[in-house]
Amino acid sequence: MAKMIKFTKMQGAGNDFMVIDGVTQSISLSTDTIKKLAHRQFGIGFDQLLLVEPSVIADFKYRIFNADGSEVSQCGNGARCFVRFVVDQGLTNKREISVETASGIITPKLEEHGLVTVNMGAPRFNPDSIPFIAESGANSYMLEVDNQVLDISAVSMGNPHALLVVDDVETAPVLPLGSAIEYHPRFPERVNVGFMQIIDEHHIKLRVFERGSGETLACGTGACAAAVTGIQLGRLSSPVSVSARGGELSIAWQGADAPVMMTGPAVTVFTGEIDLDAI
């Protein structure tokens, strides 16, 4: 008997997702199945799969799987698509919802103008919280990669990020260097790698190599990480406009333990059904 599931394909600034309602459907996905669904020729194709589930401590529970089948704790662009999905699917009549994630509660809000704002929580700079192996916390660190020493910053936005300031994101070695840093032993849970070009104090260009997915057209937590890193370094001021290859995000942060607020688009591309036994 065919195992049919309904899904929605969505994108936030070009970061694309397969979103599945696990509230009204019974869903069980193996790592191998997720990899097949992620394949852009033989499956649906996506950067991440988002699974909506019931929660006992929030309106919904939010699970995130990379294209390689690994589960991660947070995804900012996905959080915006998440609230658009549950509203459009009639799973809630609220425009601001509480969402349980593996890294805590977030509160995405569907704005009147159609964009979505997400309270991403406070950034964590303590190396143990990222996690990142360092003797003590600092605004920047020296990291030896492929026989060169890089000046990086490290922060957690519910998932680990390494940030490099570059002269030009278009010529930055995003793929080879991103891949090498992702598996660097000083990042025991691997790391997302951001390449940030500072245009002025309120505007950056950004490319992100995401762990488990490779380079994506946008990364919400990566945009948050880049903005707060630049503010910590004294080179940016809130709010920060982040230009990714897939679109624009706006990041606001007042410093210290204040939450990072991210605003950006969330768009439904198409809906469908797929037979899990056929892929």
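Taking a cutoff of 4.0 Å between a charged side-chain nitrogen and a carboxylate oxygen, Asp68 and Arg190 qualify as a salt bridge. Between Lys94 and Asp59 a salt bridge is recorded (basic side-chain N to carboxylate O distance below 4.0 Å). Remark: Lys9 engages Asp16 in a salt bridge, criterion side-chain N to carboxylate O under 4.0 Å.
Here Ile181 contributes atom CD1 and Leu150 contributes atom CG; the two are 5.5 Å apart, rounded to the nearest 0.5 Å. Gln74 CD to Tyr62 OH: the interatomic distance, rounded to the nearest 0.5 Å, is 6.0 Å. Of the inter-residue distances, the one linking Leu249 atom CG with Asn77 atom CG reads 5.5 Å to the nearest 0.5 angstrom.
The side chain to side chain donor-acceptor pair (under 3.5 Å) test applied to Glu201 returns Ser237, not counting sequence neighbours. For Ile27, the side-chain contact (heavy atoms from CB on, under 4.5 Å) test picks out Ile5, Ile20, Gln25, Leu29, Leu51, with sequence neighbours left out. Legend: residues meeting side chain to side chain donor-acceptor pair (under 3.5 Å) with Asn66, ordered by chain and number and at least two apart, are Gln48, Ser70.
In this pair, Phe82 and Phe60 present their aromatic rings perpendicular. The plane angle is above 60°, beyond the 30 to 60° band. Using the six-membered ring where Trp is involved, His39 and Phe42 have ring planes that are tilted, between 30° and 60° apart.
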Going by atom type alone, with no hydrogens or angles, which donor-acceptor pairs under 3.5 Å involve a side-chain atom of residues 160-168 and a protein atom two or more places apart or on another chain?
unit_1, atom_1, unit_2, atom_2, d
His161, NE2, Asn159, OD1, 3.0
His161, NE2, Thr221, OG1, 3.0
Asp168, OD1, Glu170, N, 2.9

Table please: side-chain donor-acceptor pairs of residues 132-142 below 3.5 Å, with sequence neighbours left out.
unit_1, atom_1, unit_2, atom_2, d
Tyr141, OH, Ala138, N, 2.9
Tyr141, OH, Ala138, O, 3.3

Would you mind writing out the side-chain donor-acceptor pairs for residues 103-113 within the sub-3.5 Å range, not counting sequence neighbours?
unit_1, atom_1, unit_2, atom_2, d
Ser103, OG, Thr101, OG1, 3.3
Glu111, OE2, Thr117, OG1, 2.8
His113, ND1, Leu115, N, 3.2

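Two residues are said to be in side-chain contact when any heavy atoms from C-beta on lie closer than 4.5 Å; Gln197 and Leu206 fail this criterion. A 4.5 Å side-chain heavy-atom check between Val240 and Ser250 finds every atom pair outside the cut-off. Using a 4.5 Å heavy-atom cutoff, the side chains of Phe85 and Leu91 are in contact.
A donor atom on one side chain and an acceptor atom on the other are not found under 3.5 Å apart for Ser153 and Gln232. A donor-acceptor pair shorter than 3.5 Å cannot be found between the side chains of Asp47 and Ser213.
Between Gly121 and Asn119, the closest heavy-atom pair is N-OD1, 2.9 Å. Nearest approach of Ala38 to Ala67, heavy atoms of both residues: CB-O, 3.6 Å.
A continuous path of hydrophobic side-chain contacts links Val208 to Met196 [ILVMFWY only; heavy atoms under 4.5 Å].
Side-chain N or O atoms of Arg207 include one that pairs as donor or acceptor with a backbone N or O of Val169 at under 3.5 Å.
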